[in-house]
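The chains referred to below are lettered A, B, ... by the order of the sequence lines, with proteins before strands, and numbering in each begins at 1.
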2 protein chains.
Amino acid sequence: MSEVTIKSIAKALNLSPATISRALNDSHEIKQATKDRVLAYAKAHNYRPNTFAKNLKTGKTNLIGVVIPFLSSPFFLEFIEELYKAVIPLNYTLLPFQTQNREELEKEALLFLRQQNVAGIIISPAHENSNVSLLEDIHVNSCPVILFDRIQHGLRTHKIGIHNSMETYQVTEDLLQKGRKRIAFLCGKDIGNTKDRIRGYKNALHNHAVPFLDKYIIYADYQDPNQDIDEELKTTLSRLKEQDLLPDAIVGGTDTLSIKILGILAGLKLRVPEDVAVIGFTNTNLADYLAPALSTIRQPTQEMARLALELLIELIEKTSNRADQNFKNFLLAATTTYRQSTPI
Amino acid sequence: MSEVTIKSIAKALNLSPATISRALNDSHEIKQATKDRVLAYAKAHNYRPNTFAKNLKTGKTNLIGVVIPFLSSPFFLEFIEELYKAVIPLNYTLLPFQTQNREELEKEALLFLRQQNVAGIIISPAHENSNVSLLEDIHVNSCPVILFDRIQHGLRTHKIGIHNSMETYQVTEDLLQKGRKRIAFLCGKDIGNTKDRIRGYKNALHNHAVPFLDKYIIYADYQDPNQDIDEELKTTLSRLKEQDLLPDAIVGGTDTLSIKILGILAGLKLRVPEDVAVIGFTNTNLADYLAPALSTIRQPTQEMARLALELLIELIEKTSNRADQNFKNFLLAATTTYRQSTPI
DNA sequence: TTGTACGCGTTATCAC
DNA sequence: GTGATAACGCGTACAA
């Protein structure tokens, strides 16, 4: 890579490599004149420090690993974008990885990150108990790890998420108060967050004396590329209609599904919100451009990203033992916005 | 980072470090028995080679830098996702960076990537002549660079894109043949591709003897966060309407705008496609879920990503001089899909 | 088939 | 203030 090194500068300037190194690092024990000479030469000859040598010597990097399930989910994309912004002034560099919700891919990513000697890791794990011991090992022995979003996970560290059950409780209750009684919940396959979200939904029904129907929990495996979710959802809804059980409201439990459902309802000639009200978790900026404009529950990605980074850096700088420390759960508030897809 | 090193293994097994190194690298000059011993010990003690020492020694990495304007644009997101998939079996690792279309950020990213000693770089530059000399320097002296998407750029290397003018010519002609005469073109601020896209649009008008109107090139700076594009576009369209110049068709020149325009037209109570037909460049999977379903021109991201990677790796493995070599332009075919937003 | 010795570029610990 | 020198962990020419 670089041709001009500390050594070559030393030779050229008739100084020792040690002096060059110190000058370049602005050490106080080098006199200004020498510093100037060195810096000038370095700049003129386009000196670029060798990261590998430096890391080899110091054992430190300013890399931050980010491990998420998907980039294609609006929430994670937004989160990453916020991280990118927040990281610049702090002079850290991001190494983002996707797991596709697969523990194996997650493991590879984590091993790679450890090998890159990253300063810290921010992760939304593939599932509740994926790579727990590896993460534990990394967190205790290599570098601090922060959890976000999917915080139902065994690792003992700071966790940043939202109060899922509370959010779904709230929107379900709102729908009930608008007179909707047949509220369905649409969700992906058992991720930790889903459970909590369903719990809030059920509690709201319960507290309003509306019977819970198994059929109204609609699962769709939107990760399986072989599965045609659109068709599947269409069939499910058609069948419910035949049984005279068509929901009059749907709560979307995940980013992807929340967006899709509108198109699917349109395909079934169902009017939103007249026939079916729709609201869903999603962080898409497109909510306003959908027809009808989609009511959404948005996670505070910016806050989450900044907090994650802040906590991580605190742990990075603190050298104390991470095995036994007081870690906290941070549950931030989501923002529910009612648009045309729900009755106002 | 790692505690167990080649040295420590050597000591433990009463062998020399060199033997360990060779055994770990499966050298043919080490007998199987020794290899087995070493590998077994390494595995048992969870040996992890130090990337930095290795890189320092070999001067090589298997990192591939990817530099794009935005992650939040469906096209680039799709492209990156394809790269992620394609890169796994090849045992390379991606380092993605965003430039926000800003040359300065692009420069930082490039400098960082060079410092990381990446094996190669795939880039869609911030603009036509951004960092040309730096890229040239990197390409010639450090590692191969491949251009994609925004291929109107001075760097002499392989370039992968689509035939922009041809694609817009085609859709404009299609609209004309459906009887639309007042076709507007919606675009971001002067990126290379935009020029070509406008050219195709103009040529189609010309060949069909439809006069070109300056007013029908509608610019919107969707990158400027301070600007409310929605309001801006609304005003522009309203004004055209007042002048009795409301377009009867709009061609969207960029991902972001193509999606937004539907919501804006709805806000103006204009019917799509009856009043205004809409078609646009965009790689979003949501086209079908918009109302009406959006007609789109999709770039072949998968093909582009795979080709970019293939060409890059070819250059990486070929050690020949990259200053004077035969580089090619690859213009792949986009896929136009007509949906409800255009008359069929 | 294995060992010795050296160097990659940097920083840190001494000495002067 | 500055200079030797060693060391980080690894790969490899050369020797044995």
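Residue B:Ile20 holds its CD1 atom at 8.0 Å from CZ of B:Arg37, rounded to the nearest 0.5 Å. Expressed to the nearest 0.5 Å, how far CZ of A:Arg306 lies from CE of A:Met304 amounts to 14.0 Å. Between atom CD of residue A:Glu82 and atom CG of residue A:Leu307 there is a gap of 13.0 Å, rounded to the nearest 0.5 Å.
Formation of a donor-acceptor pair under 3.5 Å by the A:Asn50 side chain with backbone atoms of A:Ala53 is found in this model.
Dashed line: the shortest gap from a side-chain N or O of B:Thr34 to OP1 or OP2 of C:dT2 is under 4.0 Å. Taking side-chain N and O atoms only, B:Thr58 has no distance below 4.0 Å to OP1 or OP2 of D:dC10.
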Each nucleotide N or O in nucleotides 3-7 of chain D that has a protein N or O under 3.5 Å away: list the pair and distance.
unit_1: D:dG3; atom_1: OP2; unit_2: A:Ser16; atom_2: N; d: 3.0
unit_1: D:dG3; atom_1: OP2; unit_2: A:Ser16; atom_2: OG; d: 3.4
unit_1: D:dG3; atom_1: OP2; unit_2: A:Thr19; atom_2: OG1; d: 2.4
unit_1: D:dG3; atom_1: N7; unit_2: A:Arg22; atom_2: NH2; d: 2.7
unit_1: D:dG3; atom_1: O6; unit_2: A:Arg22; atom_2: NH1; d: 3.1
unit_1: D:dG3; atom_1: O6; unit_2: A:Arg22; atom_2: NH2; d: 2.8
unit_1: D:dA7; atom_1: N3; unit_2: A:Lys57; atom_2: NZ; d: 2.9

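Taking atom CG of A:Asn50 as the reference point, atom P of C:dT10 lies 6 Å away to the nearest angstrom. Across the protein-nucleic acid pair, A:Asp26 atom CG and D:dG1 atom C1' stand 15 Å apart, rounded to whole Å. Note: NZ (B:Lys60) to P (D:dG11) measures 13 Å, nearest angstrom. When rounded to the nearest whole Å, the span between CD of A:Gln115 and C1' of D:dG9 equals 13 Å. Between the CG atom of A:Leu24 and the P atom of C:dT10 there is a distance of 8 Å, given to the nearest Å. Going from atom CG of A:Leu56 over to atom C1' of D:dG11 covers 13 Å, rounded to whole Å. If you take CZ of A:Phe52 and C1' of D:dC10, they are 14 Å apart, rounded to a whole angstrom. Per the geometry, CD1 belonging to A:Ile6 stands 18 Å off P belonging to C:dG7, to the nearest Å.
The aromatic rings of B:Phe112 and B:Phe97 sit tilted, their planes meeting at an angle between 30° and 60°.
The side chain of B:Thr5 has D:dC10 as its nearest neighbour among C:dT1, C:dT10, D:dC10. The nucleotide whose nearest atom lies closest to any side-chain atom of B:Pro49 is, among D:dG11, C:dT1, D:dC10, D:dC10.
For the pair A:Lys54 and B:His28, nearest-nucleotide mapping onto DNA chain C gives the more 5' position to B:His28.
Judged purely by distance below 3.5 Å, without hydrogens or angles, the side chains of A:Arg114 and A:Asn141 never pair a donor atom with an acceptor atom. For the residue pair A:Glu78/A:Gln299, the side-chain donor-acceptor check at 3.5 Å is not satisfied.
Using a 4.0 Å heavy-atom cutoff across all strands shown, A:Asn55 reaches no nucleic acid atom at all.
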